[in-house]
> 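Supplied in structure tokens, the structure appears directly below.
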Amino acid sequence: MSGSGVIVVGGGPHGLLHALALARAHIDVTLLDVRRPTPTATPRAMTFHWSMMKGLDELGILDDALARGLVHRIWSLNVLDGGERMFFDLDVLADDVEYPFTLHLPQESLSEIVVGRLQEMSNVHLAWDTRLTGLDQDDRGVTVRAASPDGDQVFRGGWVVGADGPKSAVRRAVGLGLPGITWPERFVAANVRYDFAALGYEVSAIQLDQRDGALVAQIDATGLWRYTYAENVTLPEETVGERMREVFGRVLPTGDEPEVQAWAAHRMHQRVADTFRVGRVLLLGDAAHVTNPTSGYGLAGGFFDSVSLVEALSAVVHDGASDEIVDRYSVVRRRVFTEITSPVSSDSKQLLWNSDGPGRLEAELERLRRATSTRDRQRQYLIVGCGLESPSLRSPSVTPQ
């Protein structure tokens, strides 16, 4: 690969979408991942925020994603005790965004779409079952060492992008940590067959309760739903399944028992690297920052990291721009996480899974009643999501601070 090309490490949603965006920008791409994307029953990322729809369209994959996914425009807040319901209607954003809807699409479906496109592109090399073991960089590029079933491999590129998740091998290779906090709860995501719509839940819903807050979302048209709740992390993970039956016993009508098809438990964090750039090595998505899942901003935030980084690398590779624009990427995208993604996600988490303080839940319900009371107030509440996309890095007003 030429020295102007980019090596992307990580074949999850962020890495795949970033590789596709780079390739469409006429930049040579090599994508490395330790495993080939394959279908799995394990609950994984599935919610594509409304702010991402225009970007997916610009990548040429929105139509395919809509054909496979589940579109929704209404988001309900369901109070478990008493049955009160409130609603946000994404149509209030119709004057602000081209696609005022959110998409539920299983991660494996996105992977199939994107990998299919990448396989058709002559400037893309896919290296599956390949694990990064080290890297060295100089003024002209980066040499990546990797292990594969065919033996040790060496790749050379102008830049390396780490999109390999919270335990990023790329981030560790350049000596960066991921400082921040870990919440005292784990979240449990369960794929279940149960008719939550019959209980008054929209395709995307938040269940509000002092004890049993949850995210509830329909996965597809077959009746499969995702139910995500939290529990204290000190409880043994091997007995999650037993406690899950107790959870459903409390929240569902007497005698109802959903068919649990699969579940996964994960720690929750608010963490961010000190910088997203070390020389010619760059970070995006969960390799650069991690947040809890309650806001849906994690996947979207990483997507807009990619949008900004493609702009920066295109300016350097094609236009001969100073790599100072890559410094802008690091500063601006880190600021989006610290000033928008993390605070909003932390507030959402506290509402959903830590609302048992005296009077806290009722105070939050009053705030939400007001926010949903008129279309203008709904818009004011939702429009914050536009802040996940940062301005063009070519703008002279966008400077590192």
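Values below: every heavy atom of this structure, side chains too, minus hydrogens, waters and symmetry copies.
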> Does any pair with a residue in residues 297-318 pass ring-ring contact (aromatic ring centres under 6.0 Å, His included), and if so which ones, sequence neighbours excluded?
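Those involving residues 297-318 are His49-Tyr297.
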
> Below 3.5 Å, can you tabulate the donor-acceptor pairs from side chains in residues 119-127 to any protein atom, sequence neighbours excluded?
{"from": "Asn123", "atom 1": "ND2", "to": "Ala23", "atom 2": "O", "distance (Å)": "3.1"}
{"from": "Asn123", "atom 1": "ND2", "to": "Ile27", "atom 2": "O", "distance (Å)": "3.2"}

> For Thr102 and Arg73, test the side chains for any donor-to-acceptor distance below 3.5 angstrom and give the result as yes or no.
no

> Of Arg226, Glu259, Gln261, which is the lone residue that meets side-chain hydrogen bond (donor to acceptor under 3.5 Å, both in side chains) with Asn191?
Arg226

> What residues form a side-chain hydrogen bond (donor to acceptor under 3.5 Å, both in side chains) with Arg35, not counting sequence neighbours?
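Here no residue qualifies.
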
> Using the side-chain contact (heavy atoms from CB on, under 4.5 Å) criterion, which residues pair with Asp138? Sequence neighbours excluded.
Arg140, Arg156

> Does Arg367 come within less than 4.0 Å of Glu364, counting only side-chain N to carboxylate O?
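Looking at Glu364 together with Arg367, the answer is yes, because their closest N to O distance falls below 4.0 Å.
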
> Considering residues at least two apart in sequence or located in another chain, which fulfil the salt bridge (charged side-chain N to carboxylate O under 4.0 Å, His left out) criterion with Glu366?
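Testing Glu366 for salt bridge (charged side-chain N to carboxylate O under 4.0 Å, His left out), a comparison that skips the adjacent residues, returns Arg369.
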
> For atom CG of Asp95, decide whether the heavy atoms of other residues, nucleotides or ligands shown that lie under 6.0 angstrom number more than 12.
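No, CG of Asp95 has 12 or fewer neighbouring heavy atoms, counting only those of other groups under 6.0 Å.
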
> With a cut-off of 3.5 Å and sequence neighbours excluded, list every side-chain donor-acceptor pair involving residues 281-294.
{"from": "His289", "atom 1": "NE2", "to": "Asp305", "atom 2": "OD2", "distance (Å)": "2.6"}
{"from": "Thr291", "atom 1": "OG1", "to": "Gln270", "atom 2": "OE1", "distance (Å)": "3.4"}
{"from": "Thr291", "atom 1": "OG1", "to": "Gln270", "atom 2": "NE2", "distance (Å)": "3.0"}
{"from": "Thr291", "atom 1": "OG1", "to": "Ser345", "atom 2": "OG", "distance (Å)": "3.1"}
{"from": "Asn292", "atom 1": "OD1", "to": "Thr294", "atom 2": "N", "distance (Å)": "3.0"}
{"from": "Asn292", "atom 1": "OD1", "to": "Thr294", "atom 2": "OG1", "distance (Å)": "2.5"}
{"from": "Asn292", "atom 1": "ND2", "to": "Gln270", "atom 2": "OE1", "distance (Å)": "2.7"}
{"from": "Asn292", "atom 1": "ND2", "to": "Ser345", "atom 2": "O", "distance (Å)": "2.9"}
{"from": "Thr294", "atom 1": "OG1", "to": "Ser345", "atom 2": "O", "distance (Å)": "3.3"}
{"from": "Thr294", "atom 1": "OG1", "to": "Lys349", "atom 2": "N", "distance (Å)": "3.2"}

> Go through the structure and list residues passing side-chain contact (heavy atoms from CB on, under 4.5 Å) with Asp150, not counting sequence neighbours.
Ser148, Gln153

> As a test of understanding, state which of Asp152, Asp136, Thr133 forms a side-chain hydrogen bond (donor to acceptor under 3.5 Å, both in side chains) with Arg145.
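When side-chain hydrogen bond (donor to acceptor under 3.5 Å, both in side chains) is applied between Arg145 and each of Asp152, Asp136, Thr133, only Asp136 qualifies.
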
> Using the test side-chain hydrogen bond (donor to acceptor under 3.5 Å, both in side chains), find all partners of Thr275 that sit at least two apart in sequence or belong to another chain.
Ser330

> Determine the sole option in Ile7, Leu309, Asp323 for which the side-chain contact (heavy atoms from CB on, under 4.5 Å) test with Trp159 is passed.
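Between Trp159 and the candidates, side-chain contact (heavy atoms from CB on, under 4.5 Å) is satisfied uniquely by Asp323.
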
> With a 6.0 Å cut-off (strictly less than), is the heavy-atom count around CG of Asp195, excluding the residue itself, greater than 12?
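Enclosed: over 12 neighbouring heavy atoms sit under 6.0 Å from CG of Asp195.
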
> Please lay out, stage by stage, how Arg68 and Glu112 fare under the test salt bridge (charged side-chain N to carboxylate O under 4.0 Å, His left out).
CA-CA 11 Å; Arg68 293 192 180 208; Glu112 289 176 4; 2.5 Å; yes

> Of all residues at least two apart in sequence or in a different chain, which pass the side-chain hydrogen bond (donor to acceptor under 3.5 Å, both in side chains) check with Ser373?
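Partners of Ser373 under the side-chain hydrogen bond (donor to acceptor under 3.5 Å, both in side chains) test: Arg377.
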
> Could you work out, with ring-ring contact (aromatic ring centres under 6.0 Å, His included) as the rule, every residue matching Phe196, not counting sequence neighbours?
Tyr194, Tyr201, Trp225, Tyr227

> Testing Asp89, Val92, Asp96, Val97 one by one against Leu382 for a side-chain contact (heavy atoms from CB on, under 4.5 Å), which residue passes?
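Result: among Asp89, Val92, Asp96, Val97, Val92 is the only option passing the side-chain contact (heavy atoms from CB on, under 4.5 Å) with Leu382.
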
> Evaluate Arg271 against Thr182 for side-chain hydrogen bond (donor to acceptor under 3.5 Å, both in side chains), listing each step before the verdict.
CA-CA 8 Å; Arg271 295 180 176 273; Thr182 297; 2.9 Å; yes

> Under a 3.5 Å cutoff, is there a donor and acceptor pairing between the side chains of Ser390 and Ser308?
yes

> Is a side-chain donor-acceptor pair under 3.5 Å present for Asp212 with Tyr229?
no

> Got more than 12 heavy atoms from elsewhere within 6.0 Å of CZ, Arg370?
no

> side-chain contact (heavy atoms from CB on, under 4.5 Å) with Ser76: which residues, sequence neighbours excluded?
Asn78, Phe87, Glu202, Ala205

> Ion pair present between Arg280 and Asp139, side-chain N to carboxylate O less than 4.0 angstrom?
no

> Side chains of Glu311 and Ser392: is there a donor and an acceptor less than 3.5 Å apart?
yes

> Going from CG on Leu313 to CG on Asp319, what distance comes out if it is rounded to the nearest 0.5 angstrom?
12.0 Å

> Yes or no on side chain to side chain contact (heavy atoms under 4.5 Å, CB included) for Leu351 and Asp347, after CA distance, side-chain angles and deciding distance?
CA-CA 6 Å; Leu351 164 66; Asp347 285 348; over 6 Å; no

> Could you give the distance from CG (Leu118) to CD1 (Ile113), rounded to the nearest 0.5 Å?
12.0 Å

> Can you tell me if CD on Glu257 sees more than 12 non-hydrogen neighbours from other groups inside 6.0 Å?
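Not buried by this count: 12 neighbours or fewer within 6.0 Å.
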
> Of all residues at least two apart in sequence or in a different chain, which pass the side-chain contact (heavy atoms from CB on, under 4.5 Å) check with Leu70?
His104, Val203, Gln218

